[in-house]
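Each remark here refers to the structure printed beneath this line.
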There are 2 protein chains.
Amino acid sequence: MGLREDKKDRTRTQLLEAGLDLIHKRGFEATTVADIAAAVGVSPRTLLRYFPTKEDVIVSWVQDGMTIIREELEERLKSEPPVVALLASARAMLAVFEEKSRFFLAIETAIRSNRSISARKEQMIAELIDEVARILASPDRPCRLPGVVAYTVSGTVFALIRATISSWVEGREGMSLPDIFDQAATVVHFETNGTE
Amino acid sequence: MGLREDKKDRTRTQLLEAGLDLIHKRGFEATTVADIAAAVGVSPRTLLRYFPTKEDVIVSWVQDGMTIIREELEERLKSEPPVVALLASARAMLAVFEEKSRFFLAIETAIRSNRSISARKEQMIAELIDEVARILASPDRPCRLPGVVAYTVSGTVFALIRATISSWVEGREGMSLPDIFDQAATVVHFETNGTE
DNA sequence: TTCTTTTTGACACGCAATGCCATTTGTCGT
DNA sequence: ACGACAAATGGCATTGCGTGTCAAAAAGAA
């Protein structure tokens, strides 16, 4: 990695941290793009080159989680049936976030504090649900699922993730993310015509 | 209903139709708030008093669906177990939309055409999921569900709705919305400790 | 009618986001 | 080490959404 990409990584991280910090203190709308940029010593124009929208400063963490799921799923689908693979991928992602639980809680709190952030997050999840559904239903796969079933399985697993995170944030019980996920997973059973 | 509220309803409807029409023809971003307002003969400022954001011109239909679910659910929870009540409420909403399927398809197409619209929609659904979960878990109800279970059930049922609509929009099969929903519902079974 | 309340329009403003171009800053070959 | 090249950045201008404010207009009440 050259000096150039090295510097880019540093700037990006600084923007991420400064953004989370300022938004945490002042709130999302009260924090302008110029504020965050100034805190790092960079022009507002540059910040918007790193992050397409102001929301993405917070929501880029969601991207990371989505990448984990995508990669896990692709790997597991080679040897596991679809439902098992997807559930395991989701659990793996939550296990990673459990390790950075302090940061993750701060992020989730920021997301919940403002509609436009949560809108962006939900929209990204919706796209991932469709993407995963298309993978599960793709004709070139063994044990592919029929269209409606694929959408249902994909959507349901992400519903489990949502339920997990919601419970965790309210968090009276000190349970870990994967543990809550397992608990949520016992509530629903999948009936995919023996393809499971 | 006096002359005043009558006129408001008419203006609102006009904005809705003009908005859907223009966005359908020119696309969402190419259509400005001023355009839609001008098409109805109203100031842009007034449009934004009827709809908090430009997205809401399209997404207000989602609001209508959400209202149906809320009302059905409240009624059914008096006599039916939670999971049954929620599933029936969702199905009822889809049955209403099936009757206006031409309009509904236009709306869904518009939503899918643009990220910021779908972001707004998903964010609203997310709020409804939480709201329903809180209802199912509220302490003053008979057969209330524990927190994680409530979030899971609520999220899963809305995942079924999502799967239904996605399949319906892709729509090779000429099935009706409630029929697709029933099909999706056979894929998952709920295990709520006999409270079902 | 006249008085009161609600709705609307007009204007100004802040801010996010995009395009464009000049300038700076790494990178690479010679 | 120097200069040519590409990439990153900053500054500027622009568009459009969304908000606050206030005066004018429309609807309802007395």
Side-chain angles (χ1 to χ4, degrees), chain A residues 1-16 18-20 22-23 25-60 110-111 113-121 123-124, chain B residues 1-16 18-20 22-23 25-60 110-111 113-121 123-124:
Chain A
M1 183 184 296
L3 213 167
R4 201 167 240 160
E5 299 189 355
D6 198 45
K7 191 175 182 181
K8 273 175 73 174
D9 269 15
R10 247 184 301 126
T11 307
R12 189 189 157 83
T13 307
Q14 282 180 298
L15 288 170
L16 235 32
L20 182 58
L22 286 176
I23 289 170
K25 284 192 295 195
R26 305 183 198 170
F28 182 71
E29 356 226 43
T31 306
T32 69
V33 170
D35 290 337
I36 304 173
V40 180
V42 156
S43 78
R45 188 68 186 84
T46 296
L47 185 151
L48 291 169
R49 272 193 269 258
Y50 280 84
F51 302 96
T53 72
K54 195 173 75 168
E55 285 89 23
D56 286 80
V57 176
I58 297 299
V59 153
S60 68
I111 291 176
S113 75
N114 179 272
R115 288 195 159 177
S116 70
I117 314 182
S118 91
R120 180 90 175 102
K121 178 195 173 189
Q123 180 262 327
M124 284 166 44
Chain B
M1 182 184 295
L3 212 166
R4 202 166 238 161
E5 298 189 356
D6 199 45
K7 189 175 183 180
K8 272 176 74 175
D9 270 15
R10 246 183 301 126
T11 306
R12 188 188 157 83
T13 307
Q14 282 180 298
L15 287 171
L16 235 34
L20 182 58
L22 286 176
I23 289 170
K25 283 193 296 195
R26 304 183 200 170
F28 182 71
E29 355 226 43
T31 307
T32 69
V33 170
D35 290 338
I36 305 174
V40 180
V42 156
S43 79
R45 187 68 185 83
T46 296
L47 185 150
L48 290 169
R49 270 193 270 258
Y50 280 84
F51 302 96
T53 72
K54 194 172 78 167
E55 285 88 22
D56 286 80
V57 177
I58 296 299
V59 153
S60 69
I111 291 176
S113 76
N114 180 273
R115 286 195 160 177
S116 71
I117 315 182
S118 90
R120 180 84 175 107
K121 178 195 173 190
Q123 182 263 327
M124 284 167 44

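Quick caveat, the model's predicted, so the values are computed rather than measured. Per chain, numbering begins at 1; letters A, B, ... match sequence-line order.
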Using every non-hydrogen atom in the two residues, find where [X] and [Y] come nearest and quote the distance to one decimal.
X: A/Leu16; Y: A/Ser60; answer: CD1-OG, 3.5 Å
X: A/Ala110; Y: A/Leu20; answer: CB-CD1, 4.3 Å
X: A/Val40; Y: A/Ala18; answer: CG2-CB, 3.8 Å
X: A/Leu47; Y: A/Ala37; answer: CD1-N, 4.0 Å
X: B/Lys54; Y: B/Thr31; answer: NZ-O, 2.8 Å
X: A/Phe51; Y: A/Asp56; answer: CD2-O, 3.7 Å

Whole angstroms only, please: what is the [atom1]-[atom2] distance between [X] and [N]?
X: A/Tyr50; N: D/dA8; atom1: OH; atom2: C1'; value: 7 Å
X: A/Asp9; N: D/dA8; atom1: CG; atom2: P; value: 12 Å
X: A/Arg10; N: C/dT25; atom1: CZ; atom2: P; value: 14 Å
X: B/Leu48; N: C/dA12; atom1: CG; atom2: P; value: 18 Å
X: A/Glu29; N: D/dG20; atom1: CD; atom2: C1'; value: 15 Å
X: B/Phe51; N: C/dT8; atom1: CZ; atom2: C1'; value: 16 Å
X: A/Asn114; N: D/dG18; atom1: CG; atom2: P; value: 13 Å
X: B/Lys54; N: C/dA16; atom1: NZ; atom2: P; value: 18 Å

* With a 4.0 Å cut-off on heavy atoms, is B/Ser116 in touch with a base, just the backbone sugar-phosphate, or nothing at all? ->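 Answer is nothing: B/Ser116 stays at 4.0 Å or more from every strand.
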* To do: Just call it for A/Pro52: base, sugar-phosphate, or nothing, with non-hydrogen atoms closer than 4.0 Å on any strand.
  =>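 A/Pro52: backbone/sugar contact only, no base atoms under 4.0 Å.
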Output one line per pair: protein atom, nucleotide atom from nucleotides 21-24 of chain D, and distance, for all N/O pairs under 3.5 Å.
none

Nearest to the side chain of [X] - [options]?
X: B/Val42; options: D/dG18, D/dT9, C/dG9; result: C/dG9
X: B/Lys7; options: D/dG10, C/dT7, D/dA26; result: D/dA26
X: B/Thr32; options: C/dG9, D/dC17, C/dA16; result: D/dC17

Any [X] side-chain heavy atom under 4.5 Å of [Y] side chain:
X: B/Asp35; Y: B/Arg26; value: yes
X: A/Leu15; Y: A/Val57; value: no
X: B/Arg120; Y: B/Gln123; value: yes

For nucleotides 1-4 of chain D, which of its nitrogen or oxygen atoms have a protein nitrogen or oxygen under 3.5 Å away, and what is each distance?
none

* Asked: Within the structure, does a side-chain N or O atom of B/Ser43 lie under 4.0 Å from either OP1 or OP2 of C/dG9?
  -> yes
* Between C/dG9 and B/Thr46, is there an OP1 or OP2 to side-chain N/O distance shorter than 4.0 Å? -> yes
* Check if the side chain of A/Arg4 and the base of C/dT25 share a donor-acceptor pair of N or O atoms closer than 3.5 Å. =>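 Under the 3.5 Å cut-off, the side chain and the base do form a donor-acceptor pair.
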* Decide yes or no on side chain to side chain contact (heavy atoms under 4.5 Å, CB included) for A/Lys7 and A/Arg10, but give the supporting numbers first. => CA-CA 5 Å; A/Lys7 191 175 182 181; A/Arg10 247 184 301 126; 4.1 Å; yes
